[in-house]
There are 2 protein chains.
Amino acid sequence: MPHCHTYLKKLRDLGYRITPQREMVIHIIAHSGRHMSAEEVTEEAKKRSEAINVATVYRTLDLLVENGLASKLDLGDGKTAYATGEHGPHIHLVCRQCGCVTEISDGDISVPLRDIEEKYSFDCHPYHFSIHGICRNCRERTN
Amino acid sequence: MPHCHTYLKKLRDLGYRITPQREMVIHIIAHSGRHMSAEEVTEEAKKRSEAINVATVYRTLDLLVENGLASKLDLGDGKTAYATGEHGPHIHLVCRQCGCVTEISDGDISVPLRDIEEKYSFDCHPYHFSIHGICRNCRERTN
DNA sequence: TTGCTATCTGCAAACTTTCGCAATAAGGAG
DNA sequence: CTCCTTATTGCGAAAGTTTGCAGATAGCAA
C-alpha cells in the first residue's frame, strides 16, 4: 500500500521540489482514506497550525493528478473531489443523479486496459477510473 | 443517431417542460458534433438572436447530464466540456498532462458494462466514458 | 381560450477554481 | 556552510460555476 513517503519520493524523482505545503497536502489526502474537496484539505491543513493557501492546495492536488498519484472526481455537488490510490486500484461508479460513488475493485471486472495501451500508445492510469450512470436508489425512486 | 427531437421527447417523457432555452441548448450541442464549454453554448445561443442566461445554460446542461443525454468532461483547461452522445457511444482517453482527448469507439474494446449492471444494479450510461492517463506525446516529451 | 400551479428563467450574489506576478525558499554546486 | 538558480508560494484579481429568490411561463384542466 503506497505511503506518504512513496508519493514524496515519486515527486522528488520526477524533479519536483518537496515543500512543507506539499508534504502536508499529501499526508492529509493519503491518510484520509476517502475523497476530499480542495476546501477540506485546506481546512485540515490550517488546523495543523500552518498557514497554507488555497491556490497552493489546488496546485498540489493537480500536480498529483497529472502524475497519476491521485485522481479527480466530479461528484456533482459543485466541488471537485480528490483522492490518492491509497486503497488500491478500483473503479468508481458515479451516479449522475445523486452523485453517490460506489467503489468496486478492479478485480471484479476486467477492463482490457492493456489492449488500449498497445493500440493507442496511451498510458492508462489504473487507479480511480470512473463509469457514470444511475444508481439503484435513483432508478427506483424515479420508477 | 439521436436527434434534437429525440432529446426533447425524452425530457418531456421524464416530466420536464420544454422551453425555448432548453430547445436552443439541445439544438446547439446536438448539432455541433463536438465538445463545447458552457460559455461556447451561451455565445452560440446569443447569436441566434435570443437572450439566454449563463445560469440557464448550466442548468440545462446539467439536466441533460443527469438524465444520461449528455456528458461532462474535464479537459483540464479550467473549463468543463459538454457533449451529447450524438456520434455514438465511445470512450475518451483523457490525458492528465495536456488534457487532450482521444476518442475511441466502444467497438475497439469491450468494457463489460453488462457485468457491472448485473452485479451492482448500476445503470451504466454507455456514452462518453473516460479513462485517464498519459498520452503518447506527453510521455515522449517527459522521457 | 382562459386560468391555475408548479416549474423554469434571469438576475445578482456567493462560491469554487485559476492565473499573473513579486517574494520566498528548495536543492544542487562549490 | 553559503551562494545561486529556478521552482514554488502567497496574494489579489479574474474567470468559471452554482445558488436563492422573485417574476415569468409551459402545460394541464375545464
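These numbers come from the heavy atoms of this one structure, side chains and all, not from hydrogens, waters or symmetry mates. Letters go in sequence order (proteins before strands), and every chain restarts at 1.
Nucleotide dC8(C) holds its P atom 7 Å from the CG atom of L63(B), rounded to whole Å. L14(A) places its CG atom 15 Å from the P atom of dA7(D), with the value rounded to the nearest Å. Whole-Å rounding puts the E66(B) CD to dT18(D) C1' distance at 13 Å. In this structure, CG of L11(B) is placed 15 Å from C1' of dG27(D), rounded to the nearest angstrom. Atom CE of M24(B) is separated from atom C1' of dT9(C) by 12 Å (rounded to the nearest Å).
Each of V57(B), I52(B), N53(B) was compared with Q21(B) under the side-chain contact (heavy atoms from CB on, under 4.5 Å) criterion, and only I52(B) meets it.
In terms of heavy-atom proximity, I28(A) sits nearest to V41(A) at CD1-O, 3.9 Å.
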B/S/- along nucleotides 10-17 of chain D (protein heavy atoms under 4.0 Å) is BB----SS
Summary of protein contacts for nucleotides 22-30 of chain C, nucleotide by nucleotide, where a base hit scores B, a sugar-phosphate-only hit scores S (4.0 Å, heavy atoms):
---BBS---
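T56(B) contributes atom OG1, which lies 12.0 Å from atom CG of L63(B) (distance to the nearest 0.5 angstrom).
Using a cutoff of 4.0 Å between basic side-chain nitrogens and carboxylate oxygens, K46(A) and E43(A) are not scored as salt-bridged. Residues K79(B) and D74(B) are not paired through a salt bridge, judged by the lack of any N-O separation under 4.0 Å between the basic side chain and the carboxylate. Contact check on E40(B) versus R34(B) returns a salt bridge, with a Lys/Arg side-chain nitrogen under 4.0 Å from an Asp/Glu carboxylate oxygen.
Two residues are said to be in side-chain contact when any heavy atoms from C-beta on lie closer than 4.5 Å; I26(B) and L69(B) fail this criterion.
Distance alone, capped at 3.5 Å, places no donor-acceptor pair between the H27(B) side chain and the E23(B) backbone.
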